[in-house]
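Following: one structure in C-alpha cells, then a few remarks.
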Amino acid sequence: MPDSHGAEPRKALLARAGDCWCAIPLEDLRRVLPAVKLYPLPGSGWEIAGLAEVDGEPLVVLSLERLLGAPAGAGSDYPVTLVVAAGARREAVGLAADEAGEIVHVDRRSATGTARGIVSGEVAVGQRVVRMVELARLGQEP
Amino acid sequence: VSGRWLLLRRAGALWGLPAQAVRALRRDSAGGATIECCDSSSLQADELLELTAILRPQPVPECVAGTVGAGITGFSAWGGAPVTLLGWGTQATGSRANDGSTTGAPPAGRVPQPDGEA
C-alpha cells in the first residue's frame, strides 16, 4: 500500500465541490453514496454539513466545498457523499460533494502550491487544476 | 457513555440525553416537554420518543472533535435516523460556530440545549 506521505503516483478519485475539483486518494475512500439525508448538528463548525445515518450507523458529514475553501457552486444539495477514512485514526466521516468523477493517477512530485487545511497542493490532471487532498490532515490542519 | 438514554426530537433532529441526568419531565400542551436536569439546567423537546438502552453510542470522531458543538459526546442511530448524544457533566471545549466565531464551553456540569445554547 502506498505511503500517504510518499511521492510515488497513486490512484485517486476526482471529486467536485462547488467550482473546485480535488483528488481523493483511493486508499482513503470507503464508499461513494448518492445523497444521504442530512440532519442538523447545531452549534457545530461551519465545515460540518450535518449528521447522517448509513446502514444503521451515524456518520458525521463535512462539506467538501468548505474544507477545500472552494468557491460556491450553483447548488448546495450535495448529490454525492464520499465515505472516507480521515484523521490520524482513519475514522469514517462523510464528505458531501457535488460530483464524483473518474479515477486518475496523481503524481505528487508535480504538485505546486502550499499545503492548507486538508489540501496538500495542486496538480494538473488533463485540463484541470486539481487540489490534492490529504485526509490524514483533517483535525490537525492549521 | 453507556446506560439508558432519553431520546427526544427537537428542531427536526434526534437527541439522546443520559437518563441519569434527568430529574423531572414536564409535558406542555403542544406535545413537547421540558426536561429538568439534575444540575438545574433544562432542555426543551418538541417530542419525547423513548427511554432506551440500545443506542450503541459511538464517540465523536477525533478528527472532527474540534468542530462539533460543545457538550456533544457521541452519536448513534435510532429508527433510521442519526442521534446526537449529549454529555452529562462533560467539560466540553469551545468549538467554532457556523459563523466561524468561537463559542465558549457551557458552564461545567450544564447540559447544552440541542440548539447549541447552554
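Throughout, protein chains are lettered first and strands after them, A, B, ... in sequence-line order, and every chain is numbered starting at 1.
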Counting distance only, does the side-chain N/O of A:R66 pair as donor-acceptor with the main-chain N or O of A:W46 below 3.5 Å?
-> yes
Which atoms of B:E62 approach chain A - backbone, side chain, both or neither, heavy atom under 4.5 Å | both
Side chain A:R131, main chain A:E122, donor-acceptor under 3.5 Å = no
Is the backbone N or O of B:E47 less than 3.5 Å from a side-chain atom of B:R10, with the two atoms forming a donor-acceptor pair by type?
-> no
B:Q44 and B:T34 side chains, donor-acceptor separation under 3.5 Å = yes
Which one of A:L51, A:L59, A:V93 has the most heavy-atom pairs closer than 4.5 Å to chain B?
-> A:L51
Relative to chain B, which segment of A:L62 carries a heavy atom at a distance below 4.5 Å: side chain, backbone, both, or neither?
-> side chain
Residue A:A86 versus chain B: region with a heavy atom under 4.5 Å = both
